[in-house]
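One structure is given below, encoded as structure tokens.
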Amino acid sequence: MVAVEGTVRLRPEGTANPDLATGQVELADCTVEVLNAAEAPPFPVDDRTDIDEAVRLRHRFVDLRRPRMQANLRRRSAVLAAMRAAMVRQGFVEIETPLLWTPTPEGAREFAVPSRLHHGDFYVLPQSPQIAKQLLMVAGFDRYFQIARCLRDEDLRADRQFEFAQLDLELSFGSAGDVQEAVTEAVVDATEAATGERPGTVEHLTWHEAMDRFGTDKPDLRFAMELVDMSDIFAGSGVKALQAPCVKAIAVPGGAALGRSRLDALVDRAKGIGAKGLAWFKVTAAAGGGSGLDSPLDKFLGDEERSALSTRTGAEPGDLVLVVADGWRTACTVLGALRLELGRMPVGEGERRFCWVTDFPMFDGVDDAGYPVAAHHPFTMPHPEDLALLGSDPAAVRSQAYDLVLNGWELGSGSVRIHREDVQRRVFDALGISPDDAELRFGFLLAAFRYGAPPHAGFAVGIDRLVAILCGEENIREVIAFPKTQSGTDPMTGAPKPIAPGALHDLGIRVVPRD
RNA sequence: GGUCCUGUGGUGCAGUCUGGAGUGCACGCCGGCCUGUCAAGCCGGAGGUCGCGGGUUCAAAUCCCGUCAGGACCGCCA
């Protein structure tokens with residue numbers, strides 16, 4: 001660490017270097033003062049090499065000097081500033097909510113914080129400020145926002161850390177559309193602030209449409225390869241493998257070049273996701289013009305089926321058509337996964353295609369006791385037209401929940417909330433939460449609602465994911481100053497670590513060895 | 001809980017499949033030279049528990065088993 005003093009002057013003719021930021025000038029008549037001696041850094045402080053993750057994190061203070069990390073964190077700062085400005089401009093009030101919250105055993109596993117003053121009792125760190133912000137609606141803050149830290153004790157991934165940041169917001173007397181407008185403004189502003197480019201139109205898809213066309217609830221709209229329905233074509237088919245309620249296909253450009261082992265791997269992958277099988281057809285150029293098919297199943301196909309496989313999907317010679325026959329949900333999911341596997345683009349490539357996915361199902365699957373599981377959270381308002389189905393056909397109930405998606409990443413989710421006690425009771429009932437149970441878990445929220453709860457709706461944007469995409473990073477660790485490893489440790493500090501026996505004693509906690 | 005990939009001087013790699021002396025490359029570090037260079041150049045040098053433990057073998061970085069660490073994914077993430 002040195003301080004250099006001198007005179008800045010233009011470099012002599014012929015020695016300027018346009019590749020350097022300071023390439024036009026030089027320092028003359030320097031004095032150099034050593035402020036602090038330093039050891040050689042543990043790895044090169046540049047962007048040219050990929051350093052082992054554990055080494056980077058152990059010396060994060062050095063790692064963060066690299067130009068890439070400097071740019072990422074500064075870009076993150078610009079995103080936060082733009083979001084905050086957009087929210088304030090739209091009349092939202094920034095309010096902080098507690099980090100020491102109360103257990104709400106529902107959804108993600110919570111981090112527990114032992115209470116020193118009340119032995120045996122625990123606070124938890126909030127997995128989101130969900131309930132607190134609903135209480136703020138009751139309290140009359142009709143437009144709330146917060147750049148909130150959320151904590152979930154679930155396994156880590158490239159796009160998931162224990163703690164993450166959300167632009168959390170809620171508004172009263174507004175529709176889902178109002179929420180989406182407010183969020184869109186914030187993320188579009190943030191994108192422009194971070195990249196200098198303002199994204200184009202933000203599209204809206206229903207959940208059903210997203211599944212039907214892209215086989216996922218978080219479609220990457222940067223590339224086509226859309227799912228095509230072939231159910232009618234194969235309805236009375238003689239091909240046993242393709243007899244199912246739903247037959248879907250995708251065309252893979254240039255996919256005819258894939259070798260047998262790669263195709264077999266795709267079949268295995270399809271089966272791994274839950275398909276009974278995967279049919280593939282290489283589209284070939286026919287002798288007299290037109291096209292033919294190369295596939296083990298070709299000889300079983302009728303003429304109509306054969307031609308539909310290429311005309312419907314738009315496949316040209318040299319392309320590959322993949323077909324899954326199954327239930328609608330499975331056929332879509334499997335082809336959606338294969339579409340990604342074969343077409344996925346690096347996160348930093350192409351344009352930024354935001355889209356809203358709306359009308360999610362209210363429930364997703366059933367729990368051990370056979371009750372439906374809330375797809376979003378239990379305070380989500382069902383679609384008004386589907387209210388009657390709550391008791392009879394829960395799987396068919398759509399909710400007023402919506403996700404924001406960018407290039408195949410789920411950026412966040414939100415919903416219109418239930419503000420009427422009778423509706424909340426019916427939803428709890430459908431979920432198998434008894435009135436006593438509900439009182440125990442969410443009593444304070446239900447009580448608040450009795451004092452006049454406005455209709456309200458909200459959203460939360462995953463800031464780490466948004467910033468990662470805007471930085472062209474595949475991993476959110478690259479946009480977080482001090483992240484954890486995949487096993488939840490911090491190689492720099494050594495956390496988590498044992499605490500002193502005295503501290504344990506104060507907390508009334510005894511550690512038992514793992515089995 | 002599971003699947004897969006990776007682990008070799010400070011850093012990034014090759015060597016592992018097909019066992020034969022810690023062999024090699026680039027960067028960095030130390031010393032010297034050079035001094036209009038800017039990823040400087042030239043000469044010399046130091047630096048290794050091949051993640052760890054066990055097994056097979058005359059012989060293991062290399063094969064086998066276990067384990068630890070990092071990563072990607074499945075489960076999980078209302």
Side-chain angles (χ1 to χ4, degrees), chain A residues 11-28 38-59 62-63 66-67 103-111 126-128 130-131 150-164 166 218 265 268-269 272-274 337 340-341 344 360-367 371-380 399 401 403 410 412-415 417 427-428 430-433 441-442 460 462 465 474-478 483-491 494 514-515:
Chain A
R11 293 187 179 194
E13 195 76 26
T15 60
N17 185 346
D19 296 334
L20 290 178
T22 58
Q24 300 301 316
V25 294
E26 63 183 13
L27 271 180
E39 291 179 21
F43 48 83
V45 185
D46 61 37
D47 292 337
R48 290 196 298 274
T49 43
D50 290 324
I51 311 296
D52 181 78
E53 195 71 22
V55 176
R56 288 181 62 192
L57 292 183
R58 187 170 307 124
H59 305 278
V62 173
D63 189 42
R66 301 159 76 207
T104 51
E106 182 78 37
R109 188 181 297 116
E110 296 163 324
F111 282 98
Q127 43 175 305
S128 87
Q130 179 61 38
I131 293 176
C150 307
L151 299 108
R152 296 181 186 171
D153 189 3
E154 299 288 354
D155 288 3
L156 285 60
R157 288 281 192 285
D159 61 351
R160 278 165 32 192
Q161 284 272 310
F162 284 151
E163 46 186 314
F164 55 98
Q166 288 190 338
K218 41 180 180 178
D268 286 344
R269 174 115 170 89
I273 303 166
L340 268 187
E341 182 153 328
R344 190 198 299 272
F360 271 71
M362 184 81 184
F363 308 104
D364 190 15
V366 292
D367 65 15
Y371 287 108
V373 178
H376 187 49
H377 57 62
F379 317 114
T380 303
S399 73
D403 277 6
E410 181 195 319
S413 55
S415 62
R417 326 296 185 189
V427 169
F428 280 155
L431 289 167
I433 301 174
R441 284 152 73 173
F442 316 112
R465 289 182 185 178
E474 306 274 358
N475 195 304
I476 64 171
R477 281 192 306 266
E478 306 301 333
K484 304 280 187 289
T485 66
Q486 196 164 63
S487 62
T489 65
D490 177 355
R514 201 183 273 276
D515 309 325

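These numbers come from a predicted model, not from an experiment. These numbers come from the heavy atoms of this one structure, side chains and all, not from hydrogens, waters or symmetry mates. First the proteins, then the strands, lettered A, B, ... as listed; each starts at 1.
- Of the possible donor and acceptor atoms, one in the side chain of A:Ser399 sits under 3.5 Å from a partner among the backbone N and O of A:Phe360.
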- Note on the structure: Protein heavy-atom contacts under 4.0 Å, written 5' to 3' over nucleotides 66-72 of chain B as B (base), S (sugar-phosphate only) or - (none), form the string ----SBB

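- In this structure, A:Ile51 places its CD1 atom 15 Å from C1' of B:rG7, rounding to the nearest Å.
- Proximity of A:Asp153 to A:Glu110: side-chain heavy atoms (C-beta onward) are nowhere separated by under 4.5 Å.
- No donor-acceptor pair closer than 3.5 Å links the side chain of A:Arg465 to the backbone N or O of A:Ile476.
- Rounded to an integer number of Å, the gap from CG of A:Asp268 to P of B:rC74 is 17 Å.
- In this structure the side chain of A:Phe43 never reaches within 4.5 angstrom of the side chain of A:Thr49, judged on heavy atoms.
- If you take atom C1' in B:rG22 and the same atom in B:rG47, they sit 13 Å apart, rounded to whole Å.
- Rounded to whole Å, atom P of B:rU6 lies 16 Å from atom CG of A:Asp50.
- Spacing between B:rG9 and B:rC30 at atom C1', rounded to whole Å, works out to 14 Å.
- Place A:Pro12 and A:His377 on RNA chain B by their nearest nucleotides, and A:Pro12 ends up nearer the 5' end.
- The nearest whole Å value for the distance from the CG atom in A:Asp155 to the P atom in B:rC73 is 12 Å.
- Atom C1' of B:rA69 sits at a distance of 7 Å from the matching atom of B:rG51, rounded to the whole Å.
- No side-chain donor-acceptor contact under 3.5 Å links A:Arg56 to the backbone of A:Ile51.
- Between the P atoms of B:rC34 and B:rC42, the separation comes to 16 Å (whole Å).
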- Item | side-chain contact (heavy atoms from CB on, under 4.5 Å) between A:His377 and A:Arg417, worked out | CA-CA 9 Å; A:His377 57 62; A:Arg417 326 296 185 189; 3.2 Å; yes

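- The side chain of A:Ala40 lies closest to B:rC29 when the candidates are B:rA39, B:rC77, B:rC29.
- Taking the six-membered ring wherever Trp is involved, the centroid distance between the rings of A:Phe442 and A:Phe379 falls below 6.0 Å.
- Checking B:rC38, B:rC76, B:rU11 against every side-chain atom of A:Pro44, the shortest atom distance belongs to B:rU11.
- The same atom, C1', is picked in B:rC5 and in B:rC77; the two are 24 Å apart, to the nearest Å.
- One can place CZ of A:Phe162 at 12 Å from C1' of B:rC76, the figure rounded to the nearest angstrom.
- Searching all strands for a Watson-Crick or G-U wobble partner of B:rC29 with both distances below 3.5 Å returns B:rG45.
- The pairing partner recorded for B:rA72 is B:rU3, the criterion being a Watson-Crick or G-U wobble arrangement whose two distances lie under 3.5 angstrom.
- At whole-Å resolution of the value, CG in A:Asp364 and P in B:rC76 are 10 Å apart.
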- Task: Apply side-chain contact (heavy atoms from CB on, under 4.5 Å) to the pair A:Phe162 and A:Leu151, showing each step before the final yes or no.
- Result: CA-CA 5 Å; A:Phe162 284 151; A:Leu151 299 108; 5.7 Å; no

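- Here the separation of B:rC43 from B:rA26, taken at their P atoms, is 11 Å to the nearest Å.
- The nearest heavy atom of RNA chain B to A:Arg11 and to A:Val373 marks one nucleotide each, and the one closer to the 5' end goes with A:Arg11.
- B:rG66: Watson-Crick or G-U partner is B:rC52, with both key distances under 3.5 Å.
- Within the nucleic acid shown, A:Arg109 has no heavy atom closer than 4.0 Å to any nucleic acid atom.
- Looking at heavy-atom distances under 4.0 Å, A:Leu20 makes contact with a base.
- In this structure, A:Pro42 reaches the sugar-phosphate backbone alone: every heavy-atom distance under 4.0 Å involves primed, P, OP1 or OP2 atoms, never a base.
- Spacing between atom CG of A:Asp63 and atom P of B:rG12 amounts to 12 Å, rounded to whole angstrom units.
- The base of B:rC77 does not come close enough to the side chain of A:Arg152 for any donor and acceptor atom to sit less than 3.5 Å apart.
- Rounded to a whole Å, the CG atom of A:Asp153 is 15 Å from the C1' atom of B:rG1.
- Distance noted for atom P between B:rU3 and B:rG45: 49 Å (whole Å).
- Rounded to the nearest Å, the gap between the C1' atom of B:rG48 and that of B:rU11 is 14 Å.
- Side-chain contact between A:Arg58 and A:Pro42: absent, with no pair of heavy atoms (C-beta onward) separated by less than 4.5 Å.
- Listed nucleotides B:rC38, B:rA39, B:rU11 differ in distance to A:Thr15; the shortest reach to its side chain belongs to B:rC38.
- Pair assignment for B:rA14: B:rU23, on the basis of Watson-Crick or G-U wobble contacts that are both within less than 3.5 Å.
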